[in-house]
Participant: 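Here it is, the structure in full.
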Amino acid sequence: MGFIHNLFLILGRGIGQVMFQNNAFSGLLMLVGIFLNSWQMGILAICGNIISTLTAYFSRYKHDDIKNGLYGFNGTLVGIAVGVFLQLSVGSLIMLIITSALSTWIAYFFSRQRLLPGFTAPFILAVWGMLGVCSWLIPDLLVVSDTIIDTTQNINYFKAFCLGIGQVMFQGNTVLAGLFFLIGILVNSWKASLYTILGALLPIPLAILLEADATYLNAGLMGYNGVLCAIALGGTGWKRGVWAGCSVLLSTVLQILGMSLGIITLTAPFVISVWIIFRHQANGKT
């Protein structure tokens with residue numbers, strides 16, 4: 001029973017760490033949110049988490065880092081991304097194994113340097129690599145999108161808010177996923193939950209000002225990077241709040257720019273925005 005308990009702790013923390021919550025119960029609530037949207041994505045999230053964590057274990061990385069889910073959250077995102085971008089098949093499951101393991105090795109590389117924190121960069125690089133390989137060698141594995149964009153939509157603010165949180169883990173089909181994510185954050189940290197709300201709301205007026213399509217707003221695609229920025233930089237004191245707000249706004253601009261260029265941005269706007277803020281703060285102290 002103790003072994004199973006520890007497995008659930010590592011699994012839960014690995015999911016919770018996607019949104020900086022080192023709390024197994026938070027992660028399990030988020031997993032419920034994923035299953036409410038798609039049971040396939042829920043299973044893929046678990047698979048990616050387990051594979052990336054086992055890769056760290058067999059690579060003999062630090063036990064405390066493994067226990068705290070620091071090698072599980074990138075794999076969690078990789079698993080879900082496989083369900084989003086690839087046709088479910090034996091080939092895509094092989095890609096899931098390879099890409100989840102790769103995300104762990106990249107995460108270890110980031111842990112060995114002190115210039116910039118890794119955040120979700122291992123997930124981004126691994127999935128971009130996976131998509132590049134599939135486009136070049138096995139294009140039949142890629143999902144062919146036949147979605148017709150409805151450009152006549154009006155902005156649904158509640159939907160944009162909830163899905164802006166849910167899209168952190170690709171959950172854009174039900175507001176329940178985003179609400180469960182928010183509850184998962186709240187049970188661990190009420191401050192982080194307030195910054196989550198800020199990160200989901202602040203991109204909306206900026207996106208409107210920059211004339212972003214209402215369809216993308218309603219799908220939560222303008223807000224999820226902002227959510228991660230706000231949690232990553234948020235803290236006690238007005239200066240932390242200002243820096244968090246600046247990062248949220250910058251990530252929104254980068255997201256709009258990236259989408260206009262046809263880039264699959266993933267969480268790159270979040271990572272780049274926070275890196276810029278970190279370097280600016282570091283230079284200001286020197």
Participant: Among residues at least two apart in sequence or on other chains, which ones pass salt bridge (Lys or Arg N to Asp or Glu O under 4.0 Å) with Asp140?
Facilitator: none

Participant: Would you say the side chain of Val227 lies within less than 4.5 Å of the side chain of Gln167, judging by non-hydrogen atoms?
Facilitator: no

Participant: First locate atom CD1 of Ile138, then atom CD of Gln87, and finally report the distance between them rounded to the nearest 0.5 Å.
Facilitator: 12.0 Å

Participant: Would you list the pairs meeting ring-ring contact (aromatic ring centres under 6.0 Å, His included) in which at least one residue belongs to residues 22-52, sequence neighbours left out?
Facilitator: none

Participant: For residues Tyr195 and Gly235, report the shortest heavy-atom separation together with the two atoms involved.
Facilitator: OH-O, 2.7 Å

Participant: Please test Ile106 against Asn74 for side-chain contact (heavy atoms from CB on, under 4.5 Å), starting from the C-alpha separation and ending with a verdict.
Facilitator: CA-CA 10 Å; Ile106 298 173; Asn74 281 292; over 6 Å; no

Participant: Do Val90 and Val82 land in one hydrophobic cluster if side-chain heavy atoms of ILVMFWY residues count as linked below 4.5 Å?
Facilitator: no

Participant: Distance check, rounded to the nearest 0.5 Å: Ile34 atom CD1 versus Ile43 atom CD1?
Facilitator: 12.0 Å

Participant: Please name all residues satisfying side-chain contact (heavy atoms from CB on, under 4.5 Å) with Thr55, sequence neighbours left out, ordered by chain then number.
Facilitator: Ile51, Ser59, Ala101, Thr104, Trp105

Participant: Give the other cluster members for Leu254, using side-chain heavy-atom distances under 4.5 Å between Ile, Leu, Val, Met, Phe, Trp and Tyr residues; answer none if it is isolated.
Facilitator: Leu250, Ile272, Ile276

Participant: So Leu131 and Leu142, do their side chains get closer than 4.5 Å, heavy atoms only?
Facilitator: yes

Participant: Under a 4.5 Å side-chain heavy-atom rule over Ile, Leu, Val, Met, Phe, Trp and Tyr, are Leu96 and Ile94 clustered together?
Facilitator: no

Participant: Work out which heavy atom in Ser273 is nearest to a heavy atom in Pro269; give both atom names and the distance.
Facilitator: OG-O, 2.6 Å

Participant: Any heavy-atom pair between the side chains of Val143 and Phe85 that's under 4.5 Å?
Facilitator: no

Participant: With hydrophobic residues grouped by side-chain heavy-atom distances under 4.5 Å, do Ile80 and Ile10 end up in a single group?
Facilitator: no

Participant: Is there side-chain contact between Cys134 and Leu86, with at least one heavy-atom pair below 4.5 Å?
Facilitator: yes

Participant: Can you give me the closest heavy-atom contact between Met19 and Ile185, atom names plus distance?
Facilitator: CE-CD1, 3.5 Å

Participant: Would Thr53 and Leu11 satisfy side-chain contact (heavy atoms from CB on, under 4.5 Å), going step by step from the backbone distance to the final call?
Facilitator: CA-CA 9 Å; Thr53 301; Leu11 173 68; over 6 Å; no

Participant: Under 4.5 Å between any side-chain heavy atoms of Val32 and Leu28, yes or no?
Facilitator: no

Participant: How long is the straight-line distance from CZ of Arg112 back to OH of Tyr108, given to the nearest 0.5 Å?
Facilitator: 4.0 Å

Participant: Just checking Glu211: does its CD atom have more than 12 heavy atoms from other residues, nucleotides or ligands closer to it than 6.0 angstrom?
Facilitator: no

Participant: Can you find a pair of side-chain heavy atoms, one from Gln21 and one from Ile231, that are under 4.5 Å apart?
Facilitator: yes

Participant: With rounding to the nearest 0.5 Å, note down the distance linking CG in Leu70 to NZ in Lys62.
Facilitator: 10.5 Å

Participant: For residues 237-249, run the donor-acceptor check on the side chains, cut-off 3.5 Å, and write out each pair with its distance to 0.1 Å, sequence neighbours left out.
Facilitator:
{"residue": "Arg240", "atom": "NE", "partner": "Leu233", "partner atom": "O", "Å": "3.0"}
{"residue": "Arg240", "atom": "NH2", "partner": "Leu233", "partner atom": "O", "Å": "3.4"}
{"residue": "Arg240", "atom": "NH2", "partner": "Gly234", "partner atom": "O", "Å": "3.2"}

Participant: So, do Leu201 and Tyr157 sit near enough that their side-chain heavy atoms are less than 4.5 Å apart?
Facilitator: no

Participant: Side chain to side chain contact (heavy atoms under 4.5 Å, CB included) with Leu217: which of Leu163, Asn154, Asn156, Ile204?
Facilitator: Ile204

Participant: Please answer: with hydrophobic residues joined when any side-chain heavy atoms are less than 4.5 Å apart, are Phe270 and Ile256 in the same cluster?
Facilitator: yes

Participant: Sequence neighbours left out, what passes side-chain hydrogen bond (donor to acceptor under 3.5 Å, both in side chains) with Asn218? Give chain and number order.
Facilitator: Gln153

Participant: Closest heavy-atom contact between Gly27 and Ile15?
Facilitator: O-CG2, 3.5 Å

Participant: List for me each residue that meets side-chain hydrogen bond (donor to acceptor under 3.5 Å, both in side chains) alongside Gln40, sequence neighbours excluded, and say none if there are none.
Facilitator: Ser38

Participant: Is a donor on one side and an acceptor on the other found under 3.5 Å between the side chain of Ser52 and the backbone of Asn49?
Facilitator: yes

Participant: Does the side chain of Met95 come within less than 4.5 Å of Leu141's, by heavy atoms?
Facilitator: yes

Participant: Sequence neighbours left out, cut at 3.5 Å: what donor-acceptor pairs do the side chains of residues 169-183 make with other protein atoms?
Facilitator:
{"residue": "Gln171", "atom": "OE1", "partner": "Asn37", "partner atom": "ND2", "Å": "2.6"}
{"residue": "Gln171", "atom": "NE2", "partner": "Met169", "partner atom": "O", "Å": "2.6"}
{"residue": "Thr174", "atom": "OG1", "partner": "Leu176", "partner atom": "N", "Å": "3.1"}

Participant: What residue among Tyr61, Tyr57, Phe110 forms ring pair (Phe, Tyr, Trp, His ring centres under 6.0 Å) with Tyr71?
Facilitator: Tyr61

Participant: Could you measure the distance from the CG atom of Leu36 to the CG atom of Leu31? Nearest 0.5 Å is fine.
Facilitator: 9.5 Å

Participant: Which donor-acceptor pairs under 3.5 Å do the side chains of residues 115-130 make with protein atoms, sequence neighbours left out?
Facilitator:
{"residue": "Thr120", "atom": "OG1", "partner": "Thr267", "partner atom": "OG1", "Å": "2.7"}
{"residue": "Trp128", "atom": "NE1", "partner": "Ile264", "partner atom": "O", "Å": "2.8"}

Participant: At what distance, to the nearest 0.5 angstrom, does CD1 of Ile155 lie from OG1 of Thr215?
Facilitator: 10.0 Å

Participant: Specify the closest pair of heavy atoms between Ser26 and Gly184, including all atoms of both residues, with the distance to one decimal.
Facilitator: OG-O, 2.6 Å

Participant: Output the rest of the hydrophobic cluster of Leu9: all Ile, Leu, Val, Met, Phe, Trp and Tyr residues reachable through side-chain heavy-atom contacts under 4.5 Å, sorted by chain and number.
Facilitator: none

Participant: Tell me the closest heavy-atom pair linking Gly14 and Thr76, and the distance in Å.
Facilitator: O-OG1, 3.8 Å

Participant: For the hydrophobic clusters of this structure (ILVMFWY residues joined by side-chain heavy atoms under 4.5 Å, transitively), does one cluster hold both Val133 and Trp136?
Facilitator: yes

Participant: My understanding is that only residues two or more places apart in sequence, or in another chain, count here; which of them pass side-chain contact (heavy atoms from CB on, under 4.5 Å) with Trp190?
Facilitator: Leu186, Ser193, Leu194

Participant: Listed by chain and number, what are the side-chain hydrogen bond (donor to acceptor under 3.5 Å, both in side chains) partners of Ser135, not counting sequence neighbours?
Facilitator: none

